[in-house]
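See structure below.
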Amino acid sequence: MGIIEVLGALYPLLPRYAEEGGEYTCVARADLITQLAEQLPSAADLAESAVAVAQRVFSTTGLLHEAKLQEGVWQFVSSPAALFARSLLICLTDSQQFVFDRAFWNAQGDFSPRIDEQRKLLRHVELNRQAHHAQGAQPIRYVHVAWGLIHLDGKVLFRMREDKKRPGLGNFVPIGGRLSQDDLKAVGVSDALAVLQSPRAAKEPQAIQQALQ
């Protein structure tokens with residue numbers, strides 16, 4: 001028996017919150033661990049880890065009452081929060097449960113209609129993550145670009161963006177684009193993809209020149 005099964009056993013032990021009337025229950029974290037260990041003796045050593053994982057998920061998503069949590073007690077902040085917690089726990093423990101269809105994240109390329117859906121979802125999550133971090137959220141993406149200003153006959157050359165949804169002159173940018181792992185490989189950078197997806201790529205001027213070319 002593994003931690004997934006222990007998380008599944010945690011589901012019926014979660015505190016409750018009435019949809020009407022504001023009635024709710026609380027449960028001590030220590031009691032959750034004890035009950036799981038008693039129900040699943042063969043996985044008793046996983047009980048504390050399972051509760052810690054669930055608490056982190058529920059706390060990160062703002063579902064648990066913070067003051068009560070400081071006292072070692074789980075209490076959901078509202079009925080929708082309690083429902084969302086159950087939804088999350090089901091997603092973690094039911095092998096037949098999926099939040100998105102299997103093809104949602106497989107869609108790639110500028111011409112897939114799913115790309116806009118992916119971008120909207122990622123933008124929503126990341127804006128919230130950034131807004132609700134006390135000291136600034138850790139970035140999950142780095143984009144390194146190379147731009148060139150081409151001046152001819154008193155004019156500067158611009159090109160139209162692939163994304164044409166920006167208003168007015170926002171559709172036009174200088175000649176250039178994103179640095180790719182191929183640009184890094186071309187100048188002999190090893191582990192190019194790892195370098196590209198980190199701040200280190202900015203310290204590779206030859207690769208940036210390669211990208212511009």
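For His151, the NE2 atom is densely surrounded, since the number of other residues' heavy atoms within 6.0 Å is greater than 12. In this structure, Arg129 places its CZ atom where more than 12 heavy-atom neighbours from other residues, nucleotides or ligands lie under 6.0 Å away. Crowding of Gln97 atom CD: a count of heavy atoms from other residues, nucleotides or ligands under 6.0 Å exceeding 12. Glu126 CD: more than 12 foreign heavy atoms inside a 6.0 Å radius.
Under a 3.5 Å cut-off, the side chain of Asp94 and the backbone N or O of Cys91 do not form any donor-acceptor pair. Within the 3.5 Å criterion, the main-chain N or O of Val57 finds no donor-acceptor partner in the side chain of Thr60. Counting only distance, with no hydrogens or angles, the side chain of Ser198 and the backbone of Val195 share a donor-acceptor pair below 3.5 Å. Using a distance-only test at 3.5 Å, with no hydrogens or angles considered, no donor-acceptor pair links the side chain of Gln75 to the main chain of Thr25. One N or O on the side chain of Thr34 and one on the backbone of Ala30 form a donor-acceptor pair closer than 3.5 Å.
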Show your reasoning for whether side-chain contact (heavy atoms from CB on, under 4.5 Å) applies to Val51 and Trp74. CA-CA 11 Å; Val51 170; Trp74 284 18; 3.7 Å; yes
Apply the test side-chain contact (heavy atoms from CB on, under 4.5 Å) to residues Val73 and Arg29: give CA-CA distance (whole Å), side-chain angles for both, the deciding distance (0.1 Å), then the verdict. CA-CA 6 Å; Val73 174; Arg29 172 193 166 106; over 6 Å; no
Where do Leu14 and Phe58 land on the side-chain contact (heavy atoms from CB on, under 4.5 Å) test, with the steps shown first? CA-CA 11 Å; Leu14 294 177; Phe58 295 159; 3.8 Å; yes
Please walk me through it: do Arg123 and Asp116 pass salt bridge (Lys or Arg N to Asp or Glu O under 4.0 Å)? CA-CA 10 Å; Arg123 177 177 171 78; Asp116 278 342; over 6 Å; no
Derivation and outcome, side-chain contact (heavy atoms from CB on, under 4.5 Å), residues Val156 and Ile150: CA-CA 6 Å; Val156 177; Ile150 299 178; over 6 Å; no
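Across Leu88, Leu83, Val77, a single residue satisfies side chain to side chain contact (heavy atoms under 4.5 Å, CB included) together with Leu63, and that is Leu88.
If you chain together hydrophobic residues whose side chains sit under 4.5 Å apart, Leu10 and Ile90 fall into the same group. Grouping the Ile, Leu, Val, Met, Phe, Trp and Tyr side chains by contacts below 4.5 angstrom, directly or via other members, places Val143 apart from Leu212. Taking hydrophobic clusters as Ile, Leu, Val, Met, Phe, Trp and Tyr residues chained together by side-chain heavy-atom distances below 4.5 Å, Leu127 does not share a cluster with Leu122. Ile175 is not connected to Leu149 by any chain of hydrophobic side-chain contacts under 4.5 Å among Ile, Leu, Val, Met, Phe, Trp and Tyr, and they are in different clusters. The cluster map of Ile, Leu, Val, Met, Phe, Trp and Tyr, joined by side-chain heavy atoms under 4.5 Å apart, puts Ile115 and Val125 in different clusters.
Summarising the geometry of Lys185 relative to Ala192, their closest heavy-atom pair is CG-CB, 3.6 Å, with the distance given to 0.1 Å. The shortest non-hydrogen separation linking Ala44 to Ala37 is CB-CB, 3.9 Å. Contact detail for Ala47 and Val6: the closest heavy-atom pair is CA-CG1, 4.1 Å. Heavy atoms only, all atoms of each residue included: Ile3 and Leu46 are closest at N-CD1, 3.7 Å. The minimum heavy-atom distance linking His133 with Gly136 is given by the pair ND1-N, 3.1 Å. Across Ala54 and Leu7, no two heavy atoms sit closer than the pair CB-CD2, 4.1 Å.
Note that CD of Glu71 is 9.0 Å distant from SG of Cys26, once rounded to the nearest 0.5 Å. Of the inter-residue distances, the one linking Arg119 atom CZ with Arg114 atom CZ reads 15.0 Å to the nearest 0.5 angstrom. One distance of note links CG of Leu184 with CG of Asp191; it measures 10.0 Å at 0.5 Å rounding. Rounded to the nearest 0.5 Å, atoms CG (Leu40) and CG (Asp45) are 11.0 Å apart. A distance of 10.0 Å separates CZ of Phe76 from CZ of Arg16, quoted to the nearest 0.5 Å. To the nearest 0.5 Å, the span separating OG on Ser78 from CD on Glu19 amounts to 11.0 Å.
Considering only heavy atoms from C-beta on, Leu92 stays 4.5 Å or farther from Ile4 through its side chain. Counting only heavy atoms from C-beta outward, the side chains of Leu121 and Trp105 approach each other to under 4.5 Å. Two residues are said to be in side-chain contact when any heavy atoms from C-beta on lie closer than 4.5 Å; Ile208 and His144 fail this criterion. Under the 4.5 Å side-chain criterion, counting only non-hydrogen atoms from C-beta, Asp182 is not in contact with Gln210. Counting only heavy atoms from C-beta outward, the side chains of Leu179 and Leu196 approach each other to under 4.5 Å. Using a 4.5 Å cut-off on side-chain heavy atoms (C-beta onward), Glu66 and Ser59 make contact. Under the 4.5 Å side-chain criterion, counting only non-hydrogen atoms from C-beta, Lys120 is not in contact with Glu117.
A cation-pi contact, defined as under 6.0 Å to the ring centre and within 45° of the axis, is absent between Arg102 and Phe100.
Outside the 6.0 Å centre-distance limit, the rings of Phe172 and Phe158 are not counted as a close aromatic pair.
A donor atom on one side chain and an acceptor atom on the other are found under 3.5 Å apart for Ser180 and Asp183. Judged by distance alone, the side chains of Gln197 and Arg141 never bring a donor and an acceptor atom under 3.5 Å apart.
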